[in-house]
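Notes follow the structure.
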Amino acid sequence: MSTPNKGSPAVQRLRLRTKLREYRTLARMTQRQVAERMEWSPSKLLRIEAGEVGISINDLRPLLALYGVDEARFEELLNLARGSRKMPFTEYRDIYDKDFLSFLAMESSALVTRSFQPLAMPGLLQTEEYATAIIRAYTPAHFSEQQHQRMLEARMLRQEALDRDHAEAFFILDESVIRRQVGGSGVMRAQLRRLAELAAHPRRNIMIFPFSRGAHAASQGPFTLFEFEENMPPFVYLENLRGTATVSTATAHFVSYLELFWALEEQAIKGDQVPRVLLRIADHLETEPHDLRIDPPADD
């Protein structure tokens, strides 16, 4: 596999953190032992190995020496440290937590993205009007108008990830995603028509999991899988109803979700059928409502 996103700060930080953990393990040192030898707080090394913060050149040189790394490898690792300093979306750390910022960094750098969404349109596919409605519905009541606007700005910037020539994306949407009229019928109609346009792109594979398929294992919540260049671990990103996330690099964990995604894919509506389905629903949003009808109470 080629490595066209080698210069991505997110990928370089992922590679660096992986290498540093590998070298520490080979040196048979615990995080506490390293922190003591480097005269750091334990949290500093934890954050570096988690990819939450970068590492300065002045800190990296003695760390590599402590691990007994051959000096011939120094320059490669120093270049990774230099290239990973400016992570994407860090200017939004006032509105997003570290897990979601990590998600955004991976999203902007992954070679392959696979996402299953049971409730809402993926952020990468949302129109500005749909995104505005979702942000207002999902954020706490105390969020200011300025915070809403910054979240909208970040969401629109995220969509540049779809414009990368080398990246592929696969989305499976539960039918409820395309049926729920987020923002009203006009907003939803525009969203579905935009989705139909995106579905025609050869590297944006949009699929629909229909109601008729019944219950399935992914009903518990959304998940996203990221794959990177060779020698980079894949990632699984999970969300729950409280908005928190779990990010895992465990190979077995990734494989189980990848197999789940493939199972959903086998039963999903895909290919040329998708734009036709989306446009048909968009055209009939008002003439064929799907809301439950509740009869008025009977007169006594």
When you group the ILVMFWY residues by side-chain heavy-atom contacts below 4.5 Å and let the links chain together, are I269 and M121 in the same group? yes

Test: K44 and D59 ion pair at under 4.0 Å: yes

Any side-chain heavy atom of S176 within less than 4.5 Å of one from F211? yes

Give me the ring orientation class for Y237 and F103: parallel if the planes are under 30° apart, tilted from 30 to 60°, perpendicular past 60°. tilted

Donor-acceptor pair between S56 and N58 side chains, under 3.5 angstrom: no

Under the salt bridge (Lys or Arg N to Asp or Glu O under 4.0 Å) test against R114, which residue among E259, E107, E227 passes? E227

Is there a donor-acceptor contact under 3.5 Å from the side chain of E36 to the main chain of Q33? no

Under a 4.5 Å cut-off applied to non-hydrogen side-chain atoms, are P122 and L173 in contact? yes

Does one hydrophobic cluster hold both F100 and I95, with members joined at side-chain heavy-atom distances below 4.5 Å? yes

R193 (side chain) donor-acceptor with A190 (main chain) under 3.5 angstrom: no

D163/R203 under salt bridge (charged side-chain N to carboxylate O under 4.0 Å, His left out): CA gap, chis, key distance, verdict: CA-CA 10 Å; D163 296 329; R203 293 189 307 278; over 6 Å; no

side-chain contact (heavy atoms from CB on, under 4.5 Å) partner of R155, chosen from L124, T132, L104, I135: I135

Ring geometry between Y257 and H253 (parallel below 30°, tilted from 30 to 60°, perpendicular above 60°): perpendicular

I would like to know whether R150 and E91 meet salt bridge (charged side-chain N to carboxylate O under 4.0 Å, His left out); could you show each step before the answer? CA-CA 10 Å; R150 281 176 53 71; E91 63 268 36; over 6 Å; no

Give a yes or no on whether R21 atom CZ has more than 12 heavy-atom contacts from other residues, nucleotides or ligands under 6.0 Å away. yes

Using a strict threshold of under 4.0 Å (side-chain N to carboxylate O), is an ion pair present between K19 and E76? no

Any non-hydrogen side-chain atom of F171 less than 4.5 Å from a side-chain atom of F116? no

Using side-chain contact (heavy atoms from CB on, under 4.5 Å), reason through E22 and T25 one step at a time and then give a plain yes or no. CA-CA 5 Å; E22 177 185 322; T25 301; 5.8 Å; no

Give a yes or no on whether M106 and Y96 share a hydrophobic cluster (residues Ile, Leu, Val, Met, Phe, Trp, Tyr; joining criterion: side-chain heavy atoms under 4.5 Å apart). yes

Heavy-atom check, side chain of Y130 versus side chain of R194, under 4.5 Å: no

In terms of hydrophobic clusters joined by side-chain contacts under 4.5 Å, are L152 and L101 together? yes

Could R136 and E145 be called an ion pair, given the rule that one side-chain N must be under 4.0 Å from one carboxylate O? yes

4.5 Å side-chain heavy-atom contact, M38 and L66: yes

Could you walk me through whether V69 and F74 pass the side-chain contact (heavy atoms from CB on, under 4.5 Å) check? CA-CA 8 Å; V69 178; F74 272 34; 4.1 Å; yes

With hydrophobic residues grouped by side-chain heavy-atom distances under 4.5 Å, do I48 and L78 end up in a single group? yes

Looking at side-chain heavy atoms only, is the closest gap between F209 and E175 below 4.5 Å? no

Ionic contact status for D174 with R213, cut-off 4.0 Å: no

Would a 4.5 Å heavy-atom cut-off, applied to side chains only, mark N79 and R82 as touching? yes

Quick check: does any side chain N or O of K270 sit under 3.5 Å from a backbone N or O of I208, one acting as donor and the other as acceptor? no

side-chain contact (heavy atoms from CB on, under 4.5 Å) assessment of L195 paired with L125: CA-CA 7 Å; L195 198 61; L125 306 179; 3.7 Å; yes

For the pair V34 and L63, evaluate side-chain contact (heavy atoms from CB on, under 4.5 Å) and give the outcome as yes or no after the intermediate values. CA-CA 8 Å; V34 173; L63 181 64; 3.6 Å; yes

Does a donor on one side chain and an acceptor on the other come within less than 3.5 Å for Q191 and Q126? no

Within the structure provided, determine whether P222 and P118 are in side-chain contact (heavy-atom separation under 4.5 Å). yes

